[in-house]
Amino acid sequence: MTELLTAAQMRTLETAAMEAGPVTGQELMERAGAGVVAALLAHWPELRAGSFRALVLCGPGNNGGDGFVIARLLHQAGWTVTLHLFGDSDRLPPDAALNCRRWQALGEVRPWDGEAIAGAGADLVVDAVFGAGLTRPVPHEIVSPMVIGMGHRGRSCRKVAVDSPTGLCMDSGRVLVDSEAGLPNADLTVTFHRARPGHYLASGPAACGTVVVADIGLDPRTATPPRRPAPAGVRLGPLATLVTAPRDLAKRQGGHKYDHGHALVLSGPMGHSGAARLAARGALRIGAGLVTVAAPGSAMMECACQLTAIMLRKCEGAEGLADLLTDTRLNALCVGPGLGLGQGTRDLVAQALAARRGTVLDADALSAFAQDPDALFAQLHEACVLTPHLGEFTRLFPDIAARLTSAPMAGPAYSRIDATREAAARAGCTVLLKGPDTVIAAPNGQASIHAAAYDRAAPGLATAGSGDVLAGFITGLLARRIPPKRAAEASAWLHVEAARHFGPGLIAEDLADQLPGLFRSLSTMA
């Protein structure tokens, strides 16, 4: 998977490269500025020829230094460049100060002027004010004119951000702005060497437009920052390294159905069995050898009318589940969708967890413990996967959720990565926090982001039942003996790809049936 770097990790990496001797800070800044210019011309090829006006906004740090390089390169290409600096040029860091002087040989460094910035009317605005290293809220007087000048996307004014739109925390994607004006959204954001978590979390995708990672020539031997024992680096889960595909998802020649596991999905009562049936179909399509829905007597007829390849067993409460689990071939359980919030659900969860098999707890299996989360945590084991959305997460981890939803007062802000890692450590099992910026974490701190953003946007997943299908996907992979975190990661990736494969008009019933086409595509790309 592609590693994402926090601001601190990127600083460590750059410092290590400079101390090793192959590159200087000035060379890195020059490459960064050139990378932004190359990226914006590739993104907007109509700007390659002609006479254009650029407004370059520079800040008091090295992000501003990149802006000076960009201004100089655009000027040399024949552009008319107006540059405003927030801060004092005499207090710039050494590399930024050198590039400021180089720009001053070509043009004026104008002081920050909100009215002039808001009404500049340029063809291109370059936001190089505050980048990935932002640690405090950006004042109103900086943000407001930028929002006016940059906040309305259109052909007449293209907006490019250097590393990050000003006011966006790149460790969390949360907004660090001391103003109701909001963020100065970009059409294009150019970052360096590696993307940051904030490009994919929270407000990041909406604020960044399109993200391009520019190569600034860091030595591959220093491409990975020094590791801490835990937590490990955050990773982004793309196709190229989907951990279970295509080889692990292909059924073995000469095998039989029990070689691929038997998943059991618990159903709610009559009128509430649909969620379990969605999960069961997901488990079967993703490759479990057998799938059984365990339903109370009231729902047996309802389920029987809807199920064919999926088997059906009667299960009345925790005692009925205990009887079913005497079959040791049932090696993965899905508990929660449609079960209700009463004591009966808590008893089913306890019985399922006592079996110590791969277990997905979703929906009502989580909310049923809202009044006593510790009672659930005491029963969990490492073969479990919890799949809460933010509301369910808040019921189980109210103190963690409070930190995640309160307005950040400083950066790096507390992120969904921090929250999910902390929750996984407390629960002692894998936690998948659902959302457009899904985060998956294991108890040891390893974490990944599976964002439905940019070219992977999947708005169709905002439909009833899609989370039940995801729970089924994970259960099916657990049945196939794939480790919990890997099962959650592969399922989250396939869930988004299934939605994108279907396109507009998606409902939850469509998701599982997209998997055969996806698997064929994966096999041809292997």
Side-chain angles (χ1 to χ4, degrees), residues 1 232 235-265 279-292 328-335 352-353 355-362 380-387 420 424 427-434 438-444 446-450 467-498 511-512 514-516 518-523 525-526:
M1 292 185 180
R235 295 180 179 273
L236 186 69
L239 167 64
T241 51
L242 177 60
V243 290
T244 60
R247 184 185 66 254
D248 290 351
L249 289 176
K251 290 189 174 179
R252 296 185 297 278
Q253 292 184 12
H256 56 81
K257 58 192 176 186
Y258 283 106
D259 285 339
H260 305 288
H262 188 171
L264 183 70
V265 180
R281 190 168 183 85
L284 191 63
R285 277 292 192 197
I286 211 164
L290 304 91
V291 178
T292 293
T328 57
R329 294 176 298 183
L330 287 166
N331 65 325
L333 311 177
C334 179
V335 187
L353 292 175
R356 309 292 290 185
R357 301 174 199 182
T359 304
V360 176
L361 298 183
D362 184 44
L380 294 170
H381 51 81
E382 290 187 354
C384 296
V385 179
L386 310 186
T387 59
T420 310
C429 66
T430 297
V431 175
L432 182 152
L433 178 54
K434 291 187 286 195
T438 291
V439 177
I440 300 164
N444 65 0
Q446 292 181 346
S448 58
I449 300 172
H450 289 257
D468 302 318
V469 178
L470 175 61
F473 284 179
I474 301 170
T475 306
L477 292 183
L478 290 179
R480 300 187 64 179
R481 301 170 183 83
I482 291 171
K485 181 171 179 285
R486 292 175 61 193
E489 289 173 334
S491 297
W493 188 88
L494 288 166
H495 195 236
V496 172
E497 291 304 305
L511 285 164
Q514 305 312 302
L515 293 184
L518 288 175
F519 293 157
R520 284 193 294 272
S521 298
L522 288 170
S523 65
M525 299 178 69

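Along the sequence shown, residues carry numbers from 1.
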Checklist line | CG on L478 to CG on L333, rounded to 0.5 Å | finding: 9.5 Å

Notebook entry, point to check: Hey, what do you get for OG1 (T430) to CD (E489), rounding to the nearest 0.5 Å?
Noted result: 8.5 Å

Notebook entry, point to check: What is the minimum heavy-atom distance between I440 and K485, and which atoms define it?
Noted result: CG2-CG, 4.2 Å

Next item on the list: Kindly give the heavy-atom pair with the smallest separation between P484 and E382, and that separation in Å.
Entry: CG-O, 3.5 Å

Notebook entry, point to check: side-chain contact (heavy atoms from CB on, under 4.5 Å) between H450 and V496: does it pass, once the steps are laid out?
Noted result: CA-CA 9 Å; H450 289 257; V496 172; over 6 Å; no

Checklist line | CA sep, side-chain torsions, deciding dist, call: L470, T387, side-chain contact (heavy atoms from CB on, under 4.5 Å) | finding: CA-CA 9 Å; L470 175 61; T387 59; 5.5 Å; no

Notebook entry, point to check: How many angstroms lie between CD in Q514 and CD in E497, if you round to the nearest 0.5 Å?
Noted result: 11.5 Å

Item checked: Non-hydrogen atoms of K434 and D362 that approach each other most closely -> NZ-OD1, 3.2 Å

Next item on the list: Determine yes or no for a side-chain-to-main-chain donor-acceptor pair under 3.5 angstrom, with R480 supplying the side chain and I286 the backbone.
Entry: yes

Notebook entry, point to check: Which heavy-atom pair separates A280 from V265 by the least distance, and what is that distance?
Noted result: CA-CG2, 3.9 Å

Notebook entry, point to check: Roughly how far, to the nearest 0.5 Å, is the CG atom of L290 from the CG atom of L264?
Noted result: 11.5 Å

Checklist line | Smallest separation among heavy atoms of T475 and C334, with atom names | finding: OG1-CB, 3.3 Å

Item checked: L477 and F473, any side-chain heavy atoms less than 4.5 Å apart -> no

Notebook entry, point to check: Got I474 and L432 here, is their nearest side-chain heavy-atom distance under 4.5 Å?
Noted result: yes

Checklist line | Atom of H262, atom of A479 and distance for their closest heavy-atom approach | finding: N-CB, 4.1 Å

Note to self: Tell me if a side-chain donor or acceptor on R356 pairs with a main-chain N or O of A383 at a distance below 3.5 Å.
What the structure shows: no

Notebook entry, point to check: Going through the distances and angles, do L518 and L515 end up as a side-chain contact (heavy atoms from CB on, under 4.5 Å)?
Noted result: CA-CA 5 Å; L518 288 175; L515 293 184; 4.1 Å; yes

Check: Between D468 (side chain) and A279 (backbone), is there a donor-acceptor pair under 3.5 Å?
Finding: no

Notebook entry, point to check: Given side chains that start at C-beta, do those of L361 and L380 come closer than 4.5 Å, heavy atoms only?
Noted result: yes

Check: What pairs with R329 under salt bridge (Lys or Arg N to Asp or Glu O under 4.0 Å), at least two apart in sequence or on another chain?
Finding: D327

